[in-house]
Amino acid sequence: MRKILNILLAGLLVLAAWSCSEDIMDDINKNVNDPTDVGSNLIITDAMVKSAFSITGSDLAFYASVYIEHNVGIWNQSYNAEIRSGEPISATTYNNNWNAIYNNLYNLKVIIEKCSEGGSEEGNFHTLAIAQTLMAHNLATLTDLMGDVPWSEALQPGFIFTPVLDSQESIYAEVHRLLDAAIENYNKSTTFASLGTQDFIYAGNVTRWKKLAYGLKARYTMRLSLKDAKYADVISFANQSFASPAEQAQLNYNGSTTISPFQKFYTDRDYFGASQSFYNKLEERGDPRLEVFWKPHPSSGEFLLAPNGTPDQVQGTYSISALSNPTAPTYLMSYHEVEFLKAEAYVRLNQLDNAEEALKKAVTAAFQKVNVGLTVEDAEAYFEEGVLPKFSTNALSEVMNQKYFAFFEEEAVEAYSDYRRLVAMGNNVIVLDNPKNAANQFPQRFTYGSSDVTTNVNVRNAYGDGNYVYTEKVWWAGGTR
C-alpha cells in the first residue's frame, strides 16, 4: 500500500510540475516591454511628435524649400534637386517620409477606433478629436504633395496588400469630414482625464486644439479655391481659429536633447546656401529681415548668395540661414498663416480695408517669430513704408509675397502649395528665378515612395518613370490626379 501511495504522490508531483512548466512556457515568449495593447494617451504623444518633426519639419520641407527658392541646394541630394538631376523624379527621394506618414496615419486610425463607439476607450472624445485633427493634417500633407494616393483600402496590413489610389478630390472630402467630426467631438464632455503633459502641443488645452481644427478648415478651404472658391467660409473658419501667436500650434525644442529640424539638417548635412532670388525680393522692399534671415557661412566668414539653379556644388562657402537655430519651433499651423488666409480672402472679395488690417497683423506676427526677433515698431514702420505702397498697387501680390517671406523656412511646404495654387489660378505673383522652371522642370508634385512603387502595382503604374512630376499637376491645381 505504501508503495502504491508513493507512486500516486510522485505522479501528482509530476503533474504539478508539468502544470507549472506549462504556465512558464505560456509566458516565456512574451515581451513585457512590447505590449500588444497601448493606451491612446501614449500613442497620441508619439503621433504629435511625428506629425511635427518627422513629417512637417522633415525632408518634405527641405525639398520644398529648394523648389520654392527659400534656400538653394548646394550639395549632394539638395544640389541634385536644385539642378533637377535625378532627385525630383526618383521614388527613393521621399520614401522615408512616405513611410512615416502612413505609419502615423495607421497609429491615428488605432486611436480613432479605440475612442469611437464600440472601442475600448469609447467616450474619450477629446483624444478622439485630436487624432482626427492630426489625421486630417497628415492626410492633407500627403495628398497635397503626392496627389492621388492609397487611402480607402490603405492601413489594412494582412488584408489588403495592394490598395488602389483614391482621387485627391475624394481625399479632400475626407480631410474636411475629419475636421468637422473633430470640432464636434471637442464640444463634447468626457470623463476621461486630460492628456496634460503628454500633449506636447497644447498640454491638454482642448480649446486651442479646436482652434487648430478651424484654422486647418480655413487652410484647406482656401486650397480648393480654384475648384470651389469659398472665401467667406475661409474668413469664418479663420475667425474661429487663433487670436494671437500664443495660441498657434507648434512643437518646441529645448536645443539640447531636442533640436529643430532645419538646424539639425544644417549641422548634419550643410546642403543649403542663401537664395539669391529670395534675397532680392526683400532688398527691393527694404525689408529689415534682410539683416536677420542670413549669416556668413562659418567656414568662409563671407556673405555670399547662391544663384538659383546654377550654384557651385561646394560646402563651406555660401551664406546660410540664420533662422536655423536649435530651438526654432516647427509649426503645424501658425497665427500669421491664419491672418494671411484672411487677408487673401478679403482681397478676393474686394474688401481691401479688412484685408489691410489682417495683413498688418500677419506681418507683425511674422516679424516677432522667436527666431526672427524684430519688434512691433519694426513691423509698423516697414508696413507703412514698404508694404502699403505695393498693397495699394496690387493687393493680392503683396499679400502673397509677404506670406511667402513669413514662411521662411519652417513653413516651406505651405509656401510650395501656395505657389502651385496661385499659378493654377493665373496669379503669377511670386517670381521664381531657377532657369529650370522655364524649361518645364518645376516639380508640380513629389513622387510616391519606393516602398510602394516596388510592391504595389497600382502605385507603380501611377509612378511610371517619375517624369510625371514635371507635367501632371495635382487635382486642386488644375490637374487630374
Side-chain angles (χ1 to χ4, degrees), residues 33 38-65 70-71 78 94 96-108 111 127 130-131 133-135 137-138 141 194-205 208-209 212 215 242 245-272 292-293 295 298 320-337 365-366 368-373 406-414:
N33 295 316
V38 180
S40 63
N41 62 325
L42 299 177
I43 307 173
I44 197 73
T45 302
D46 184 62
M48 291 177 194
V49 173
K50 286 183 176 176
S51 294
F53 186 86
S54 301
I55 296 170
T56 305
S58 67
D59 285 353
L60 301 177
F62 305 151
Y63 281 105
S65 182
H70 277 172
N71 285 295
S78 295
Y94 318 104
N96 289 341
N97 305 111
W98 173 268
N99 293 335
I101 293 176
Y102 273 107
N103 286 336
N104 215 31
L105 287 170
Y106 180 79
N107 289 335
L108 291 165
I111 297 170
T127 301
I130 293 170
T133 303
L134 291 174
M135 179 173 275
H137 182 277
N138 280 248
T141 300
S194 167
L195 290 173
T197 56
Q198 286 182 245
D199 176 355
F200 286 2
I201 307 297
Y202 284 131
N205 189 322
R208 291 190 177 177
W209 274 107
L212 170 60
F242 313 135
E247 296 181 336
Q248 62 195 9
Q250 64 187 55
L251 182 68
N252 296 316
Y253 306 94
N254 61 28
S256 56
T257 58
T258 59
I259 297 174
S260 181
F262 272 87
Q263 169 69 11
K264 191 67 175 169
F265 186 68
Y266 167 69
T267 56
D268 288 355
R269 303 289 183 89
D270 190 13
Y271 283 5
F272 284 159
V292 177
F293 277 0
K295 61 184 178 182
I320 58 174
S321 167
L323 298 194
S324 297
N325 69 54
T327 58
T330 297
Y331 301 104
L332 293 179
M333 189 170 199
S334 63
Y335 165 70
H336 51 264
E337 180 182 353
Q368 294 179 279
K369 288 168 61 176
V370 295
N371 52 341
V372 175
F407 279 3
F408 179 64
E409 60 193 341
E410 302 91 357
E411 296 166 277
V413 170
E414 282 306 305

Looking at every non-hydrogen atom in both residues, tell me the closest pair between Ala47 and Leu108 and how far apart they are. CB-CD2, 3.7 Å
Report yes if some heavy atom in the side chain of Gln198 is under 4.5 Å from a heavy atom in the side chain of Ile44; otherwise report no. no
Going by atom type alone, with no hydrogens or angles, which donor-acceptor pairs under 3.5 Å involve a side-chain atom of residues 251-261 and a protein atom two or more places apart or on another chain?
residue: Asn252; atom: OD1; partner: Gln250; partner atom: NE2; Å: 2.7
residue: Tyr253; atom: OH; partner: Thr330; partner atom: OG1; Å: 2.7
residue: Asn254; atom: OD1; partner: Ser256; partner atom: N; Å: 2.8
residue: Asn254; atom: OD1; partner: Ser256; partner atom: OG; Å: 3.2
residue: Asn254; atom: OD1; partner: Thr257; partner atom: N; Å: 3.0
residue: Asn254; atom: OD1; partner: Thr257; partner atom: OG1; Å: 3.4
residue: Asn254; atom: OD1; partner: Thr258; partner atom: N; Å: 3.0
residue: Asn254; atom: OD1; partner: Thr258; partner atom: OG1; Å: 3.2
residue: Asn254; atom: ND2; partner: Thr257; partner atom: OG1; Å: 2.7
residue: Thr258; atom: OG1; partner: Asn254; partner atom: N; Å: 2.8
residue: Ser260; atom: OG; partner: Ala328; partner atom: O; Å: 2.7

Any chance the rings of Phe293 and Phe408 have centres within less than 6.0 Å? yes
State, to 0.1 Å, how close Asn371 and Leu323 come at their nearest heavy-atom pair, and which atoms those are. O-CD2, 2.9 Å
If I take atom CH2 from residue Trp98 and atom CG from residue Asp59, how far apart are they, to the nearest 0.5 angstrom? 15.5 Å
Please report the closest heavy-atom contact between Trp209 and Asp199, naming both atoms and the distance. NE1-OD2, 2.7 Å
For Leu195 and Met48, the nearest pair of non-hydrogen atoms, with its separation, is CD1-CE, 4.0 Å
Would you confirm whether the ring centroid of Phe62 sits within less than 6.0 angstrom of the ring centroid of Phe262? yes
Between Tyr271 and Tyr266, ring centroids under 6.0 Å: no
Under the side-chain contact (heavy atoms from CB on, under 4.5 Å) rule, what do Phe272 and His70 come out as? Steps first, then yes or no, please. CA-CA 10 Å; Phe272 284 159; His70 277 172; over 6 Å; no
If I compare all heavy atoms of Ile55 with all of Ala100, which pair ends up nearest, and what's the gap? CD1-O, 4.1 Å
Listed partners of Glu414 passing salt bridge (charged side-chain N to carboxylate O under 4.0 Å, His left out), at least two apart: Arg219, Arg223
Hey, mind stepping through Met333 and Gln248 against side-chain contact (heavy atoms from CB on, under 4.5 Å) and telling me if it holds? CA-CA 6 Å; Met333 189 170 199; Gln248 62 195 9; over 6 Å; no
Let me confirm one number: the OG-CG distance from Ser40 to Asn107, rounded to the nearest 0.5 Å. 12.0 Å
Between Arg208 and Phe242, is there a donor-acceptor pair closer than 3.5 Å when you use the side chain of the first and the backbone of the second? no
Got a sec, which residues hit side chain to side chain contact (heavy atoms under 4.5 Å, CB included) with Ala365, two or more places apart in sequence or on another chain? Pro245, Tyr335, His336
Any chance you could lay out the side-chain contact (heavy atoms from CB on, under 4.5 Å) test for Glu247 and Leu212, step after step, and finish with the verdict? CA-CA 9 Å; Glu247 296 181 336; Leu212 170 60; over 6 Å; no
Going through the checks in order, is the side chain to side chain donor-acceptor pair (under 3.5 Å) test met by Thr327 and Asn325? CA-CA 6 Å; Thr327 58; Asn325 69 54; 3.3 Å; yes
To the nearest 0.5 Å, atom CD1 of Ile43 lies from atom CG of Asp46 at 9.0 Å
Paired with Ser324, the side-chain hydrogen bond (donor to acceptor under 3.5 Å, both in side chains) test is passed by just one of Lys264, Gln263, Glu409, namely Glu409
Taking atom OG of Ser334 and atom NZ of Lys369, what is their separation to the nearest 0.5 Å? 7.5 Å
Minimal heavy-atom distance between Thr141 and Leu60, with the atoms involved, is CG2-CD1, 4.3 Å
Please report the C-alpha distance between Thr56 and His137 in whole Å, then the side-chain angles of each, then the deciding distance to 0.1 Å, and finally whether the side-chain contact (heavy atoms from CB on, under 4.5 Å) criterion is met. CA-CA 9 Å; Thr56 305; His137 182 277; 3.2 Å; yes
About how many Å separate CG of Leu105 and NZ of Lys50, when rounded to the nearest 0.5 Å? 11.5 Å
Is a donor from one side chain sitting under 3.5 angstrom from an acceptor on the other, for Asn104 and Asn138? yes
Distance, nearest 0.5 Å, that separates CD1 of Ile201 from CG of Leu134: 7.5 Å
